[in-house]
Amino acid sequence: MRKMQLYLTEEQYRLLRQRAGEDGSMARVVRDLIDDATRPKEPTADPFYRRVLGPSEPSGSSYSGERAKRDLYRRPR
């Protein structure tokens with residue numbers, strides 16, 4: 001992770017603190033908001049959903065979990 005400083009207006013700070021709650025982490029709220037903003041809006045745009053909803057593997061195929069992760073998220077071996 002990287003650390004950064006962020007300047008907020010009083011209103012933005014108040015809303016962030018409110019969303020984090022009494023014991024919540026404002027940093028977690030910011031990270032979650034960024035994740036939500038960058039997540040595909042259409043389920044079919046997500047590689048996982050394309051795999052699940054797309055054509056199925058031929059019968060007898062040995063499609064492993066590791067291969068699925070590489071295919072879905074383009075992770076190197």
Side-chain angles (χ1 to χ4, degrees):
M1 286 202 185
R2 290 182 167 254
K3 182 180 178 179
M4 66 173 286
Q5 288 184 332
L6 180 65
Y7 290 97
L8 302 172
T9 65
E10 287 296 321
E11 177 68 9
Q12 290 169 328
Y13 183 85
R14 186 183 63 74
L15 291 170
L16 185 59
R17 172 50 67 209
Q18 182 180 16
R19 190 156 189 177
E22 288 296 317
D23 300 322
S25 163
M26 290 194 302
R28 166 59 65 198
V29 173
V30 171
R31 287 191 299 268
D32 289 345
L33 289 169
I34 292 169
D35 288 344
D36 289 346
T38 58
R39 191 169 290 124
K41 303 298 184 235
E42 291 291 321
T44 55
D46 186 304
F48 174 77
Y49 284 99
R50 280 198 311 267
R51 177 71 189 137
V52 170
L53 299 175
S56 60
E57 284 293 307
S59 180
S61 172
S62 59
Y63 196 77
S64 72
E66 286 301 312
R67 182 174 159 212
K69 280 193 263 182
R70 282 194 309 274
D71 289 351
L72 293 174
Y73 300 104
R74 298 182 190 351
R75 292 184 181 164
R77 292 178 192 233

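Because the structure is predicted, anything quoted here is derived from the model rather than measured.
Between Gly24 and Arg17 the shortest heavy-atom distance is O-NH1, 3.8 Å. The two atoms that bring Tyr13 and Met26 nearest to each other are CE1-CE, 3.5 Å, heavy atoms only.
Residues meeting the salt bridge (Lys or Arg N to Asp or Glu O under 4.0 Å) test with Glu11, sequence neighbours left out: Arg14. By the salt bridge (Lys or Arg N to Asp or Glu O under 4.0 Å) test, Arg19 pairs with no residue at all, sequence neighbours left out.
Taken together through direct or relayed side-chain contacts under 4.5 Å among Ile, Leu, Val, Met, Phe, Trp and Tyr, Ile34 and Leu15 form parts of separate hydrophobic clusters.
Rounded to the nearest 0.5 Å, atoms CG (Leu33) and CG (Leu16) are 7.5 Å apart.
Within the structure, salt bridge (charged side-chain N to carboxylate O under 4.0 Å, His left out) pairs that include any residue of residues 25-35 comprise Arg28-Asp32 (at least two apart or interchain).
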